[in-house]
Amino acid sequence: MDGTAATYNPQAIEVKWQERWAADGTYQVDNDDPRPPYYVLCMYPYPSGPAHQGHVRNYTFGDLLVRKATMQGYGVLSPLGFDSFGLPAENAAIRTGTHPRTFTDARIEELKASLRRLGAVYDWRREIRSHDPEYMRWNQVIFERFLEAGLAYRKKAPVNWCPGCQTVLANEQVLPDGTCERSGDLVVKRDLEQWFFKITDYADELLAALDDLEWPERVKTMQRNWIGRSEGAEFELRVAGAGPETTVRVYTTRPDTSFGMTFVVLAPEHPLVDQITTPDRRDEVAAFVERVAGETDIERQSTDPGLDKRGVFTGAYAVNPFNGAEVPIYLADYVLMTYGTGAIMAVPGQDQRDWEFATQYDLPIIRTVQPPPDWTGEAYLGDGPVINSAWLNGIPDVRAAKVAAIDWLEAQGIGRRKVNYRLRDWLVSRQRFWGCPIPVVYCPVHNIVPVPEDQLPVVAPDDVEFRPTGESPLRYNAEFLNTTCPICGGPAERETDTMDTFVDSSWYFLRFCDPWTPGVPFSQEAAEHWMPVDQYIGGIEHAILHLLYARFYTRALADLGFAPKHLREPFERLFTQGMIRMGGSKMSKSKGNLIAPAKYYETVGADSLRLFHLFVGPPTDDFDWSEQTDEVIDGMHRFLGRVWRLAAGSGERLHLVDRPFTPTDEEVEKGAHRLIDRVSRDFDRWSYNTAVAACMEFVNDIYRYAQSEEGGRTETAAFAVDTLLKLMAPMTPHITAELWELRHGAGTTVHNQPWPVADPEMVRVDTETLVVQVNGKLRDRITVAADVDEAGATAAALASPKVQEQLAGRPPRRVVARPPRLVNIVV
RNA sequence: GCCCGGGUGGUGGAAUGGUAGACACGGUGGACUCAAAAUCCAUUGCUCGCAAGGGCGUGCGGGUUCGACUCCCGCCCCGGGCACCA
């Protein structure tokens with residue numbers, strides 16, 4: 001053997017193969033590729049600099065699938081791009097004066113280089129950067145079509161406003177104590193006119209279609225809860241002493257409990273508050289409203305600090321239409337203007353939060369559902385017959401009572417059946433510079449006017465000043481701000497808000513299918529060919545927002561004629577990986593706990609790092625990076641060294657001979673088939689850690705075989721090693737490629753070998769270990785034929801001397817036989 | 001607070017109602033070496049015992065079952081998301 005084959009040197013071989021894959025375009029795929037299509041996609045990253053271990057893990061999983069599907073004969077679409085708009089680049093611009101584009105492009109190059117060095121392969125001809133003007137053009141065209149179709153609209157919505165900075169803050173910029181991270185001022189809520197996308201139009205479909213997706217149940221559950229469909233009723237209550245036009249509309253999921261309403265609660269932002277509050281209550285109500293304005297929704301809905309001072313009486317009363325009773329109207333922080341009608345009827349008998357509120361404010365409690373006799377709790381949420389409810393009394397269950405109550409409301413003309421969603425429309429306006437401009441102008445005559453398509457994309461000017469106030473520089477750039485109305489040519493102002501970056505990530509996977517056809521964001525044919533994504537891979541932190549927005553966008557684009565009409569779901573299968581944590585918190589640049597992969601590339605190599613991420617635990621689990629982690633990574637390098645010495649034939653005491661086939665050789669070949677079976681099934685169930693463990697066991701077995709007295713048979717060993725290299729190729733692509741070339745000659749590559757298939761005859765085992773228990777305790781292990789029946793297994797178990805000793809002459813009361821695995825003898 | 005996960009040796013984890021701890025990391029002992037590195041071998045849940053062998057053991061408390069890490073109920077602890085971080 002020559003010097004290069006003698007020792008494993010990852011630095012020498014990894015870059016060589018990476019350059020070859022790039023130069024040969026091995027993993028580029030054309031849209032007319034004749035192989036069956038398969039689309040593997042990892043969530044495109046925000047470019048924050050060189051890859052961190054979270055990226056390494058994510059892209060290792062994706063790359064494994066790309067390479068395996070390629071070996072299986074698919075034409076695999078494996079694109080990547082960059083989610084390149086966002087707050088960090090803007091903050092860096094303010095800090096350093098560097099334009100966000102310069103900053104971002106530099107970060108992208110760093111990230112790309114470190115992913116290349118990992119050996120992850122992509123069709124880079126399809127790369128997308130969300131700040132690319134071509135991508136922005138289509139983002140803006142789509143926005144204008146949304147506007148045309150009524151899917152985009154403007155309304156007022158509260159934002160975080162910092163009085164010191166005179167600007168809008170992201171939630172992230174508001175510290176836990178409610179102050180601005182920059183100035184320390186107390187952040188307040190302020191209403192601004194903002195753009196929304198009507199995702200609620202699709203609420204029903206987004207909910208119903210979840211059932212058929214091959215997604216993790218937990219993600220589907222989170223989306224279901226997020227959409228939060230509820231069925232109930234909406235009805236009007238007159239305000240006592242006011243005219244008939246002054247009514248409070250409430251939404252309830254429990255119209256059957258209306259006779260138990262003992263008060264009404266409005267959100268502090270409710271438009272009726274000023275009108276109905278009595279003069280003697282004004283000061284207290286105003287103070288309360290102001291205080292709640294400073295709270296987040298999470299604080300408002302928390303019941304943690306107790307319920308004191310969480311509500312205030314307005315002095316007004318509402319009339320319960322069911323029985324004419326006058327009940328007091330309160331304000332409470334836990335009622336949100338954004339859900340339902342912003343007003344609720346409170347029924348403390350059947351709602352625990354209402355119960356606590358009623359107790360706090362000495363309000364009456366009336367039960368309208370009969371709790372079971374042994375009920376000791378407070379509010380009763382369960383089923384039961386209606387009580388204390390006049391004409392509803394005696395209805396045996398909640399479901400029937402709801403129907404009766406709603407029928408009555410509709411007959412009286414004061415209310416109706418109503419399906420409600422927790423899901424709110426998507427607020428897409430961002431008061432930032434580094435985002436895709438919203439392509440409209442405001443004309444004093446023609447109001448909102450979209451920028452004509454031939455003038456797109458609207459791109460922010462470069463000569464702006466980044467001020468440390470956090471204010472978008474667009475507001476102060478006269479050249480950008482002042483324009484003319486596309487309709488009348490008169491003076492007009494541009495929209496200075498940009499789009500939420502989730503807009504960019506809501507359709508990039510469609511653009512990847514075809515970033516080339518002029519005149520369209522992507523061609524229908526290409527989308528037809530590749531979509532939906534066969535396997536989407538990303539972090540669990542995107543379980544709700546990104547995935548829901550992408551599902552909405554795909555439907556909207558199909559309905560607007562951009563995508564094929566029948567394309568509803570973008571991601572056929574979803575896999576969500578766990579996070580890499582360090583010291584208990586998520587790895588992130590801001591926490592300064594990133595571990596760059598570069599140092600591993602320079603020492604143990606990319607293959608060892610990839611193998612580590614596959615081996616360390618189930619891909620869905622979080623992983624805590626610790627001081628011991630480097631030792632585990634070193635262990636992967638040692639294992640690959642063993643593989644190298646075995647496959648390159650440079651291992652000590654390897655003893656291979658040409659000789660006739662023996663039963664020992666047959667066992668080794670069977671072992672290889674069992675490995676194929678195990679690794680293939682483990683890959684299919686995302687159990688990479690056990691697949692790696694199986695390969696390690698196999699390598700140990702082959703070493704024992706090749707180092708034994710009688711030695712290994714050359715052909716058998718060659719079959720075993722070649723099988724191993726093929727199975728490991730998707731996990732550790734460089735070392736397996738190099739070894740394959742070494743064994744089979746220049747120009748050959750393991751990566752175009754067909755994925756091995758196990759022969760079922762060779763996988764079958766002849767004998768099994770029968771576990772014998774007495775009263776559930778393990779007492780013996782017996783080797784039995786794999787096809788042993790119940791009687792045979794029982795007989796073998798009873799014949800065991802150890803079992804006889806335990807029984808001590810007692811007759812078995814019962815024998816549970818589960819051949820060929822187990823017999824349990826109960827005495 | 002609400003929604004969603006998780007808890008197994010010193011450590012990462014394995015075990016789809018049937019042998020708890022596969023495979024690794026670390027530790028201990030040994031071989032090779034002048035020495036070290038590398039490599040290789042043995043051993044390694046806790047505990048009693050010279051040994052054979054026994055007992056205990058999957059966050060805590062109950063339950064279902066011949067049998068529970070696994071299923072059910074009630075707790076405790078840790079993590080993720082909560083709509084302007086992406």
Side-chain angles (χ1 to χ4, degrees), chain A residues 7 43 45-46 48 83 85-88 159-160 168-174 194 216-219 221-222 224-226 228 296-305 334 338 353 422-432 500-502 505 539-546 548-549 578-579 581 584-586 588 590 612 615-618 620-624 626-636 638-639 641-642 645 651-653 685 687 689-690 692-697 700 703 707 769-773 775-778 780-781 813-816 818 821-826:
Chain A
T7 52
M43 290 180 186
Y46 178 79
S48 54
D83 187 14
F85 277 132
L87 205 49
V159 293
N160 300 309
V168 176
L169 299 182
N171 284 345
E172 196 189 48
Q173 298 169 309
V174 182
Q194 313 211 52
E217 272 312 314
R218 60 190 287 210
V219 175
T221 305
M222 282 193 257
R224 281 189 195 106
N225 291 340
W226 189 259
T296 67
D297 282 2
I298 296 171
E299 285 162 353
R300 287 177 57 167
Q301 294 191 75
S302 169
T303 55
D304 226 6
Y334 68 84
T338 47
R353 193 154 48 177
R422 211 187 71 97
L423 182 70
R424 317 204 286 253
D425 275 337
W426 174 13
L427 197 171
V428 296
S429 299
R430 296 293 181 271
Q431 294 72 39
R432 317 252 171 262
D500 181 2
T501 56
F502 276 126
S505 56
I540 185 70
E541 66 271 25
H542 293 292
I544 296 173
L545 295 182
H546 161 59
L548 195 61
Y549 293 151
M579 286 182 310
R581 288 199 310 252
S585 61
K586 184 176 166 179
S588 76
S590 57
F612 157 75
F615 180 65
V616 74
T620 44
D621 285 9
D622 288 351
F623 174 75
D624 266 303
S626 73
E627 292 94 64
Q628 285 183 34
T629 301
D630 276 0
E631 288 165 347
V632 180
I633 297 172
D634 285 344
M636 297 303 108
R638 283 201 293 273
F639 168 69
R642 261 166 88 71
R645 292 189 298 277
E652 282 174 54
R653 304 199 314 277
R685 66 185 181 112
S687 185
N689 51 334
T690 52
V692 175
C695 291
M696 287 174 168
E697 278 179 65
N700 291 341
Y703 262 96
Q707 293 179 339
T769 302
L770 178 78
V771 169
V772 186
Q773 298 178 336
N775 288 335
K777 279 192 187 281
L778 173 74
D780 202 5
R781 281 179 250 254
R813 277 199 292 133
R814 181 173 175 186
V815 177
V816 181
R818 293 284 178 275
R821 312 282 305 180
L822 173 133
V823 172
N824 186 14
I825 300 162
V826 186

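Proteins get letters first, then strands, A, B, ... in listed order; numbering begins at 1 in each. Keep in mind that what you see is a predicted model, and the values were worked out from it rather than measured.
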Pick the C1' atom in B:rA20 and in B:rC46, then give their distance to the nearest Å. 14 Å
Taking only nitrogen or oxygen atoms into account, show me every contact under 3.5 Å that the protein makes with nucleotides 65-68 of chain B, one pair per line with its distance.
{"unit_1": "B:rC66", "atom_1": "OP1", "unit_2": "A:R814", "atom_2": "NH1", "d": "2.9"}
{"unit_1": "B:rC66", "atom_1": "O2'", "unit_2": "A:N824", "atom_2": "ND2", "d": "3.4"}
{"unit_1": "B:rC66", "atom_1": "O2", "unit_2": "A:N824", "atom_2": "ND2", "d": "2.6"}

Using the C1' atom in both, what is the distance from B:rA37 to B:rA31, to the nearest Å? 16 Å
When the C1' atoms of B:rC32 and B:rU39 are considered, how many whole Å apart are they? 9 Å
B:rC82, OP1 or OP2 - any side-chain N/O from A:N225 closer than 4.0 Å? no
Which part of the nucleic acid does A:E627 contact within heavy-atom distance under 4.0 Å: base, sugar-phosphate only, or nothing? nothing
Taking pairing as Watson-Crick or G-U wobble with both contacts under 3.5 Å, can you name the mate of B:rG57, or confirm there isn't one? none
When all nucleic acid strands are considered with a 4.0 Å heavy-atom cut-off, which category describes A:H542: base, sugar-phosphate, or nothing? base
From B:rG80, B:rC84, B:rA86, pick the nucleotide closest to the side chain of A:R430? B:rC84
Quick one: on RNA chain B, does A:M636 or A:T501 contact a more 5' nucleotide (nearest heavy atom)? A:M636
For B:rC71, the Watson-Crick or wobble counterpart (both distances under 3.5 Å): B:rG63
Under the side-chain contact (heavy atoms from CB on, under 4.5 Å) test, which residues partner A:N160, sequence neighbours left out? A:L169, A:N171, A:V174, A:V187, A:K189
Taking only the C1' atom of each, what is the distance from B:rU70 to B:rG6 in whole angstrom? 15 Å
Need the pair for B:rG29. Rule: Watson-Crick or G-U wobble, both distances under 3.5 Å, any strand; none if unpaired. B:rC41
Just the table, please: protein N/O against nucleotides 11-15 of chain B N/O, every pair under 3.5 Å.
{"unit_1": "B:rG12", "atom_1": "O2'", "unit_2": "A:V616", "atom_2": "O", "d": "2.6"}
{"unit_1": "B:rG13", "atom_1": "O3'", "unit_2": "A:N689", "atom_2": "ND2", "d": "3.3"}
{"unit_1": "B:rA14", "atom_1": "OP1", "unit_2": "A:N689", "atom_2": "ND2", "d": "2.8"}
{"unit_1": "B:rA15", "atom_1": "OP1", "unit_2": "A:R685", "atom_2": "NH2", "d": "3.2"}

Would you indicate what A:S429 reaches in the nucleic acid, counting non-hydrogen atoms under 4.0 angstrom: base, sugar-phosphate, or nothing? base
Is A:W426 touching bases, backbone alone, or none of the nucleic acid, heavy atoms closer than 4.0 Å? nothing
Just compare B:rA86, B:rC82, B:rG55 and give me whichever is closest to any side-chain atom of A:K777. B:rG55
For nucleotides B:rC66 and B:rG79, find the distance between their P atoms and express it as a whole number of Å. 40 Å
Given B:rA83, B:rG80, B:rC23, identify the nucleotide with an atom nearest to the side chain of A:M696. B:rC23
Can you name the side-chain hydrogen bond (donor to acceptor under 3.5 Å, both in side chains) partners of A:D630, sequence neighbours left out? A:K599, A:Y600
Going by the rule side-chain hydrogen bond (donor to acceptor under 3.5 Å, both in side chains), which residues pair with A:Q194 if we only count those two or more places apart in sequence or in a different chain? A:Q431
Give one of base, sugar-phosphate or nothing for A:M43, where a contact means two heavy atoms less than 4.0 Å apart. nothing
Separation of the C1' atoms in B:rG57 and B:rG7, to the nearest angstrom: 16 Å
From B:rC84, B:rA86, B:rG79, nucleotide with atom closest to A:V159 side chain: B:rC84
Over all strands shown, is A:V692 touching base, sugar-phosphate only, or nothing at heavy-atom distances under 4.0 angstrom? nothing
Protein-nucleic acid N or O pairs under 3.5 Å, nucleotides 38-48 of chain B:
{"unit_1": "B:rC40", "atom_1": "OP1", "unit_2": "A:R642", "atom_2": "NH1", "d": "2.5"}

Rounded C1' spacing from B:rG30 to B:rG13 in Å: 28 Å
